Amino acid sequence: TQRAWENTLSTRLGMILDTYAYGLKQQGTTKEAVGAYAEAYKLLKGADADVNARYVGALVDEKQYKEAMKVADECVRSGKSDDKLMEKYKAAHVAVIGSEKGFDERLTGSRTAARKEAASKVAASMIDKPAPDFTLVSMDGKPVTLSKLRGKVVVVDFWATWCGPCKASFPYLQKVYDKYKDDPNVMILAVNTWENEKGEAREKTVRKFIADNKYTFPVVFDENIVQAYGVEGIPTKFIIDQHGRIRFQDIGFAGGPEMMDKMDVQFELLLKKN
């Protein structure tokens, strides 16, 4: 449609402007970079957490602290923020207020608003279809069978070591895992798929990646289950309810806080329904 075409053009131009702004900043022309970032932010509608963080960082570098706080707050409320943006947000707050006093309260208020928005969107996105059963081997050599996990909410997250968005999402998946690892009603499985290597070479690459990054969530090796789930791109995450039904499907990675808030709400909804 005409609207879809216009949205595509806006997104492409926004990404080009983000790259242009980054180049300007690297050359030391931060003032011009702020202008390019502002236009990229507008065209992308604040939907890219990486761009948002760079924009807020450039504003802070130019000592436009109040504008940096305004943009950062918008990003937190929309769920399109990350740790880098939070760091710059706090720096802007300290520059304006003179201390960190009040920052946590401000952040809590914005995150509460974001969570309410996420709850509304998550409830509307619920689906209901059977989850294909599987038995896959974990990194410790033990078989994991989905049907044997009935009674739990199960996260099936397809990923690969070469996948940039997958790797960007993993620090936040680790935070979710740390939060729920002692909850007997929740199980998280990172399903490694579509690796360039096979057999022992693949296992070695995956084990090294997980160890180097100190991730502790369970990892299993896909044996073409990805096809049964109809995955067309990674990361793709399925949230399966206690009865073996797929209730949510999330494709891609749009930002860590948004992902964590969304998973919290998804778990809460499904655990209440049990």
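What you see is a predicted model, and the numbers here were worked out from it, not measured in a lab.
- Arg150 places no side-chain N or O within 3.5 Å of a backbone atom of Gln242 that could act as its donor or acceptor partner.
- Each of Leu173, Asp222, Thr236, Val219 was checked for a side chain to side chain contact (heavy atoms under 4.5 Å, CB included) with Trp159, and the lone residue meeting it is Val219.
- The minimum heavy-atom distance between Ala49 and Asp82, with the atom names listed, is O-OD2, 3.8 Å.
- Side-chain contact check for Asp250 and Gln266: at least one donor-acceptor pair (N or O, by modelled atom type) lies under 3.5 Å.
- Using a 4.5 Å cut-off on side-chain heavy atoms (C-beta onward), Leu270 and Met126 make contact.
- When side chains are defined from C-beta on, Phe209 does not count as touching Asn192, because their heavy atoms never get closer than 4.5 Å.
- Here the CG-NZ distance, from Asp182 to Lys179, works out to 13.0 Å after rounding to the nearest 0.5 Å.
- Summarising the geometry of Pro235 relative to Pro165, their closest heavy-atom pair is CD-CB, 3.6 Å, with the distance given to 0.1 Å.
- Rounded to the nearest 0.5 angstrom, Thr11 OG1 and Leu44 CG are separated by 6.0 Å.
- In this structure, the side chains of Val226 and Val191 stay at 4.5 Å or more apart for every pair of heavy atoms.
- A donor-acceptor pair shorter than 3.5 Å can be found between the side chains of Glu74 and Tyr41.
- In this view, Lys208 and Asp212 satisfy the salt bridge (Lys or Arg N to Asp or Glu O under 4.0 Å) rule, not counting sequence neighbours.
- Rounding to the nearest 0.5 Å places CE of Met260 at 12.0 Å from CD of Gln174.
- In this structure, CZ on Phe267 lies 9.0 Å from CG on Asp183, to the nearest 0.5 angstrom.
- Side-chain atoms of Lys142 and Val137, non-hydrogen and from C-beta on, never get closer than 4.5 Å to each other.
- Between Tyr215 and Phe170, the ring-plane angle classifies as perpendicular under the 30° and 60° cut-offs.
- Atoms CG and NE2, on Asp128 and His243 in that order, are 10.0 Å from each other to the nearest 0.5 Å.
- With a 4.5 Å cut-off on side-chain heavy atoms, Ser138 and Pro218 do not count as touching.
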Lys25/Asp61 under side chain to side chain contact (heavy atoms under 4.5 Å, CB included): CA gap, chis, key distance, verdict: CA-CA 10 Å; Lys25 194 169 184 302; Asp61 290 344; 2.7 Å; yes

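- Using modelled atom types, one side-chain atom of Arg207 and one backbone atom of Met139 make a donor-acceptor pair closer than 3.5 Å.
- You'll find the side chain of Glu67 stays beyond 4.5 Å of the side chain of Glu62, heavy atoms only.
- Side-chain contact between Lys80 and Asp48 is absent, with no heavy-atom pair separated by less than 4.5 Å.
- Tracing side-chain contacts under 4.5 Å through hydrophobic residues (I, L, V, M, F, W, Y), one never reaches Ile239 starting from Val154; they form parts of separate clusters.
- The closest side-chain heavy-atom distance from Val155 to Tyr177 is not below 4.5 Å.
- Shortest non-hydrogen contact noted between Phe103 and Met86 is CZ-O, 4.2 Å.
- The distance from the CG atom of Asp18 to the CG atom of Asp50 is 8.5 Å, given to the nearest 0.5 Å.
- With sequence neighbours left out, the side-chain contact (heavy atoms from CB on, under 4.5 Å) criterion links Asp104 to no other residue.
- Scanning for salt bridge (Lys or Arg N to Asp or Glu O under 4.0 Å) contacts around Lys204 gives an empty result, with sequence neighbours left out.
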